[in-house]
A.B. asks: 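Take this structure, written in structure tokens, and hold onto it; I'll ask about it next.
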Amino acid sequence: MDPSGIFATSYRADRRLVRTRWQALSLILFIAVLLAAPYLVGPRIVAILNIMYISAVVAVGLQICTGYAGQINLGQAAFMGVGAYTAAILAEKTGLSFLLTIPIAGFAAAVFGFLFGLTAARIKGFYLALTTIAAQFIFHFAVLNLPSSWLGGSNGVTVPPATLFGLRIVSEGAQYYLMLFVAAIMVAGAFGIVRSRFGRAFVAVRDDDVAAGIMGINVAATKANAFLIGAFYAGVGGGLWAYLIRFVGVDQFTLFNSVFFIAMIIVGGMGSIVGALIGVFVIRVIQEIIATVGPNIAESVTFLGGDIVFAGMNVILGGVIALFMILEPKGLMHRWTILKSSYRIWPFPY
Amino acid sequence: QEETRYNVALLSDFSGPYADIMPILAAGREKVIDWWNATRGAQLGVTLNYKNYETRYDAAQVASLWPGIKSELEPIAVIGLGGPDVAALSERLPEDKIPMFMATAAYGYAWKPDSWIFNPRPTYSHESAGFLYWLRQKRGGDGPIKAAIMASEASPAYVDMAKGLEKYAEEHPDEIELVEVIYTEVQPTDLTAQMRRVARSGADALIIQTNTSIVVAAKRGLQANGADVPIMMSSHNGLPASGKALGGLEQLEGDYEAYGMAIAADEDTPPRQFYQTLSDSYGLKAPWNVVTAMGISQGLFAVTVIEHAIEANGPEGLTGEKVREALFAEPITTEETHGFLPTLSFTPEAPFPLKGLQVNVGSVRDGKIVVEATGAAIPNVEKW
Amino acid sequence: MLELHNVEVTYSDVILALKGVSLSLREGQCVALLGGNGAGKSTILKAISGTLKSEDGKVSAGAITLEGTPIHNLEASEVVRRGLIHVMEGRRVLRHMTAEQNLIVGGHMVPDRAELKRRLDHVYTLMPRLANLKSRTAGFMSGGEQQLLLIGRAMMARPKIIAIDEPSLGLAPLMIHDVYEVLSRLKEEGTTFFLVEQNSAAGLGLADYAYVLENGRVVLDGRADKLAQNEDVKEFYLGVTASGERKSYRDVKHYRRRKRWLG
Amino acid sequence: MTAARKERQAPPLAVRSATLRFGGVTALDDVSIEVREDELLAIIGPNGAGKTSFLNVTAGFYRPQQGCVELIGQDVTGLRVDQIARRGLARTFQGTHLFGGLTVVENILIGRHTLMRSNVVQAFFHYGPVMREETEHREAVEEIVDFLEIEAIRNRQVGTLGYGLRKRVDLGRALAQEPSILLLDEPMAGMNSEEKEDLARFILDVREARKIPVVLVEHDMGVVMDLADRIVVLDFGRVIAEGTPAEIQRDPAVIKAYLG
Amino acid sequence: MIYVINDIITGALIGLLYALVAMGFVVIYRASKVFNFAQGELVILGGFIVWYTTFELGLDLWLAITLSLLLSALAGYLIERIFLTKLIGESVFSMVMVTVGLLILLRGIVLLLFGPAVRPFPVIFPLKPLFLGEMLIPMNLLIGGLITIVAAVGLSWFFNRTRAGLRMTAVAEDHVVASSMGISVKGSIAFAWVLGAVLSTVGAMIFLSGKSLTFLASEIGFAALPVALFAGLESIGGLILAGVIVGVAQSLATNYLDPLVGGALGTVVPYLIMLGILLVRPTGLFGWRTIERV
Ligand SMILES: Nc1ncnc2c1ncn2[C@@H]1O[C@H](COP(=O)(O)OP(=O)(O)OP(=O)(O)O)[C@@H](O)[C@H]1O
Ligand SMILES: Nc1ncnc2c1ncn2[C@@H]1O[C@H](COP(=O)(O)OP(=O)(O)OP(=O)(O)O)[C@@H](O)[C@H]1O
Ligand SMILES: CC(C)C[C@H](N)C(=O)O
Ligand SMILES: [Mg+2]
Ligand SMILES: [Mg+2]
């Protein structure tokens, strides 16, 4: 919502994302900072950002599927795994460029996700949420038990580095731009999707699928599409992951990871793309702080013993997530919206 | 004498699945470095600094930590822990030219030439094959030895253990007959039925290199069936740990542990003496058991390679690359590792020594851990 | 026995739905609340019964007292235990339970089974339509049937005060008549009513006193029979013209006078 | 020529001897109702008579055990709700079934979902055509907003609106579908007489402006008698009377069952 | 053949153990509509409490068991107090999501309080199996199976026949409606968690008796999940049937299919069965049908 006194003068302007000069300016500044980041901060931060971008892509996809379309999905890590395996195997066996393998990874995951989405035509609510856990188990089982010449089985797959015009993208800095580039496109696309008729159809199906059907929306197809899009994002994230780590194995895509993606969108706020980004940021930052501060505490407070400190860190991570959910069950984005609207009407409450 | 400082990064898991063994494993490898600094390092004019990094046994965490470690520490070597470290760094380390030294046995999936990650022990399948080879000799006779193996799909590494032995048994039907390959969960509900199959198949040994909980459940299953098939365990789920979880070592009477590293037996062996030194003079607070031994051996493995590199290049200008070269240049003798490890000769062909492989076998006799065999030869296992 | 003093209610910390409302309700009385859509009628009931919280709303100023003790900070279930039942809008039946189970849950505070049985029979005699629907799953009943069930469910608790949101909503004319019959029976038996009603003719018929709400404020109040004579109320709530006869909906002009009370 | 004629002659909506049972409950018992061109047909009847069930059968939400539903001469029995909606049938709901997480404008835009054409890829990149389409439809929506006089709440989340306003948004959403037949289930419930007048005016205007038949289920007899061209009375799932308002008002069976 | 029968029996008993763990899910769901993702964590919490009272405090077994049940009831109550009370009135979804946070948190707490080591678990049920001719049946599973059946029958009577049960059912239907009828949502949820925690502890005792305990044991939660969904999230009685079917299928798959496949088909079979049944009956065998009315 705009501050008082600023009104859109056309419908086009009314649906613009960036609406005031101040907003435009801060967006430009933000993008500039992101572009310059590798020159401003150390490689550790750049590496954290790389992982954040990947998580952001995956979490934004989950947000579309769960936050917008209301289909709780506990298989996002498996979808990511499908993408990662696809990209890895294509890159290894065919030597295709990442410009192709990453989108194909997205499509492969989308197909897998779509299959699960089809069950959403019949299964609803918690039942559906919990059947998506099956995706996790099936993915795991399939990778380990299909002939190992297909997916590498327990051996995993080694991924050659991404190359662009003969340049190998291996340093943090180079990888950073790859991750940023893809994440930026995906996030921008997510804004596009949720503002379009598809985004509205997703919310319609989430809020009231009976009414949605009567509005002419094909409910089953819409749910399956939500899974498809969510999984596409996961797959692209998985593709990026493959190029970042350059080795994929099933144990990198566990149910626990899926749970963390859910935690991210909850902390950030359901039903908001920005919320998903905030959630990724908050949770990754907490994780990194714990990983960084932990050893220091363990070192300085030696009598505690390393194990206690680190177990304590897990408590903090879980505690912070639980705390967020208790204090702001609708997510940080909700708090922000409220702040904004009270700022809009301040000082007149009515 | 002016002293030169180098950094080593230690990857740890204090809050993930290996948090149970981490404190003593970490103590073992840290104290070795302390010891080295005080003795060998002081002579050579080199001090090694180390720092622990919490990876939570999570590849994403390793990947995000690594660039920071690299720029913060500029380490000449990394001391790693397990699968996720390997997964996250196997393609990075060659670029960054820093070698990583592991404590555990190697995996089939990491068996590739030109590695930068090195295990002092061959793969788990080598170790189990070596054990079975030894058991067959002990038994005498011509027929193959019958073995069963427990695996789990919870971790690809666990699957790998079974796959390697399966391949070996397939190619050597006269040596090993693999009668059962059983997959279960990391915390099985009940293995009575499975153990009956094992007992009925007439297995001479049951290989369990996965984890302690599976050993315990299998043992209970065997007991329920009144069967007496000896179990062979690995280092991270060995006799002391499994015995403790079962409520007493006596429950494991006649069972084995086997790995290419010194057995932490009660006897007074050179490794035991070295452990004592670390405890007495360097403040090592860890019981004498296989996990501590694993930490110490890993530490010794790493410092010895570094020492070789210093000897070859002088104390100045040491790099990760030179450390790796030193590994190939010269074998690491069993004396240098105080008997913790056999003499290791690395080649660029594999991340572990391919020749002169040996396995040690420990067992429980009258409620005590004893060394059954040292230096039992490991047969030639082909890559699977 | 129930008083609202200058109550303000905000939703989501920003939407001010009640802007200082004061009302009072005496024992045995029936007070009716009239007002256009969005005026804040349901909000008042939610504030009284403590169900605001579930919609992210809160009483941000003022006080609500029941028999002298403030209740606006109590939990909904606590308010019920003090004898006030709120029949919510939106036909919120317990959908997976049968009609009879709904009624039994309504009487869950009744100590002994015989009394429960008596109350069930009482509801069934007053609303024979419900007796026929006993074993029907509540979620599958028609809109009007659900509305009846809600009223029956509130009766099961024999509260001192029933705060009821649009009892006639979706009921057929005969049924409205029957329901009001039931309500006036209860009133005679001593139940106090707080009634939100759009069917003002019926509502004002039962009520002793009425308030008209507009935009979160009380703009008019008075004895129900007096209010029923008020010109504006007649036109806007009872739908009769000044001359006293009902005008046809077909004759409504495209532009018409609207009444907005100052406030 | 004859086919086209037939098409024109076919009633906008015809339900032929529909029977709908739920277990032991017969919600509709051999009901046949035809809606004529441009007419406002009211359906009345006691609670539980089967009015909503009738609308549900026509909208495809329930499939009748017997009988069929024809939309402009085409048999649509057994099609999915969304398929029937795409053939031009729109309805409002007895309770409100709005999309609480969306604003008023967005709710109404959903009514236009099927009229929009952009695909996911276009939406992802959100370039020219998508923007144009969105603005175009937004204009149509704003017309409806104006028409229903809900400008002031156009950006409110629907979940935060009172019952009465929701009913208006519900109507707006149905109108946005540009239907060829409109079914209204108790649109006047929960409104005071001023608001009912407003809504009555909207309904009459819709009919005038769009020339579409309207089926109205309503309990307010004042509204029904004034607005309806023809009335069908249901009781226990059966048609018990049919006729002009004046006829119905006099019908003893109707008086007994319904009007009292 | 006799072995196949034996495998079927053992499988059925393991299935009943799953059913008991699943009962934890269902009880909480049935009384509060909250799906508890941290159910597996409750099992290990219970397990560690048992370990603590027997090995650390060295109490007599019966005393230890009683104390453990009391302590886990307390733990369940505290969890409700700390994490859920504040969310009453918020959407059920928030409560469900807080259990996701709880999952991560409880893991940490268990690590912190009890350490990461593999702990021995006391022998609560006789280790000696029951011999029936050539068949042998593990004692812990047998007694556990009986406990499960008794608990299922008792609880389903409670929820379906008593007024207190009906009250909780009302809470599971709709928190706001229930509280507007004077039912204490808080009380109902607290009761559910106490019961859920106690059931989990009993489950832990059967599951782990004579074995070992690490926090990996929480995976039983996800192993039991298909049973809960198969039966339908509102059905306690149905758990028995679902548990037996899933358990038998899993046992047959592990013992006869795994060797053929060379993989752990047994672990995915319950999920495949669950998917199959849900596609046919979207709310499980006995769960509440979704009501759609317009
Ligand atoms: N959950 C909510 N969140 C935000 N605003 C709300 C909420 N519920 C109601 N409101 C607002 O409060 C005001 C009063 O609403 P209320 O529901 O009390 O009206 P009402 O008089 O009952 O109307 P109706 O006759 O339509 O039921 C309205 O402006 C409405 O939009
Ligand atoms: N899905 C269903 N399952 C079982 N019974 C149903 C179902 N839908 C409707 N019924 C029953 O069918 C009958 C007709 O219901 P319907 O909703 O059509 O009534 P109605 O005429 O709209 O009544 P009202 O005026 O009260 O809304 C009712 O008795 C109702 O209980
Ligand atoms: C002992 C453990 C840390 C090693 C483990 N088997 C792994 O590499 O994954
Ligand atoms: Mg209202
Ligand atoms: Mg109806």
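Heavy atoms only: backbone and side chains are in, while hydrogens, waters and symmetry mates are out.
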A.B. asks: Let me know if C:Met88 has heavy atoms under 4.5 Å from chain E in its side chain, its backbone, both or neither.
C.D. replies: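 For C:Met88, the side chain is the part near chain E, not the backbone.
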A.B. asks: Report yes if some heavy atom in the side chain of C:Val93 is under 4.5 Å from a heavy atom in the side chain of E:Asp174; otherwise report no.
C.D. replies: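 C:Val93 does not reach E:Asp174 side chain to side chain.
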A.B. asks: Do side-chain atoms of C:His96 reach the backbone of E:Thr290 as a donor and acceptor pair under 3.5 angstrom?
C.D. replies: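 Looks like no, no N/O pair under 3.5 Å.
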A.B. asks: Check this for me: E:Lys86, atom NZ, are more than 12 non-hydrogen atoms of other residues, nucleotides or ligands nearer than 6.0 Å?
C.D. replies: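 Counting neighbours around NZ of E:Lys86, 12 or fewer heavy atoms of other residues, nucleotides or ligands fall under 6.0 Å, so no.
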A.B. asks: Is there a side-chain contact between E:Leu166 and C:His108 (heavy atoms, below 4.5 Å)?
C.D. replies: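 No; the side chains remain at least 4.5 Å from each other.
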A.B. asks: Determine whether E:Ser184 and C:Arg81 make a side-chain contact, defined as any pair of heavy atoms from C-beta on separated by less than 4.5 Å.
C.D. replies: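 Yes. Closest side-chain heavy atoms under 4.5 Å.
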A.B. asks: As an exercise, state the distance from OG of E:Ser180 to CZ of C:Arg153, rounded to the nearest 0.5 Å.
C.D. replies: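 Those atoms lie 6.0 Å apart.
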A.B. asks: Is the number of heavy atoms from other residues, nucleotides or ligands under 6.0 Å of E:Arg289 CZ greater than 12?
C.D. replies: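 Counting other residues, nucleotides and ligands, CZ of E:Arg289 exceeds 12 neighbours.
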A.B. asks: Given that the side chain runs from C-beta out, which part of C:Leu52 has a heavy atom under 4.5 Å from chain E: side chain, backbone, both or neither?
C.D. replies: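 No part of it gets close to chain E.
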A.B. asks: For chain C, which of E:Ser179, E:Gly187, E:Ala172 has the most heavy-atom pairs under 4.5 Å?
C.D. replies: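 Among E:Ser179, E:Gly187, E:Ala172, the one with the most close pairs to chain C is E:Ser179.
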A.B. asks: Measure C:Glu75 against the heavy atoms of chain E and call it side chain, backbone, both or neither at under 4.5 Å.
C.D. replies: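 For C:Glu75, the contact with chain E is made by the side chain alone.
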A.B. asks: E:Arg163 side chain to C:Val110 main-chain N or O, any donor-acceptor pair under 3.5 Å?
C.D. replies: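 Yes: the side chain of E:Arg163 pairs with the backbone of C:Val110.
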A.B. asks: Can you tell me how far the CZ atom of C:Arg95 sits from the CD atom of E:Glu292, to the nearest 0.5 Å?
C.D. replies: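 Result: 8.5 Å between the selected atoms.
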A.B. asks: Decide side chain to side chain contact (heavy atoms under 4.5 Å, CB included) for E:Met181 and C:Ser77; before the verdict, give the C-alpha distance in whole Å, the side-chain angles of both, and the deciding distance to 0.1 Å.
C.D. replies: CA-CA 7 Å; E:Met181 286 160 62; C:Ser77 59; over 6 Å; no
A.B. asks: If every non-hydrogen atom of E:Ala170 is compared with every non-hydrogen atom of C:Val105, which pair is closest and at what distance?
C.D. replies: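 Taking E:Ala170 first and C:Val105 second, the nearest heavy atoms are CB-CG1, 3.8 Å.
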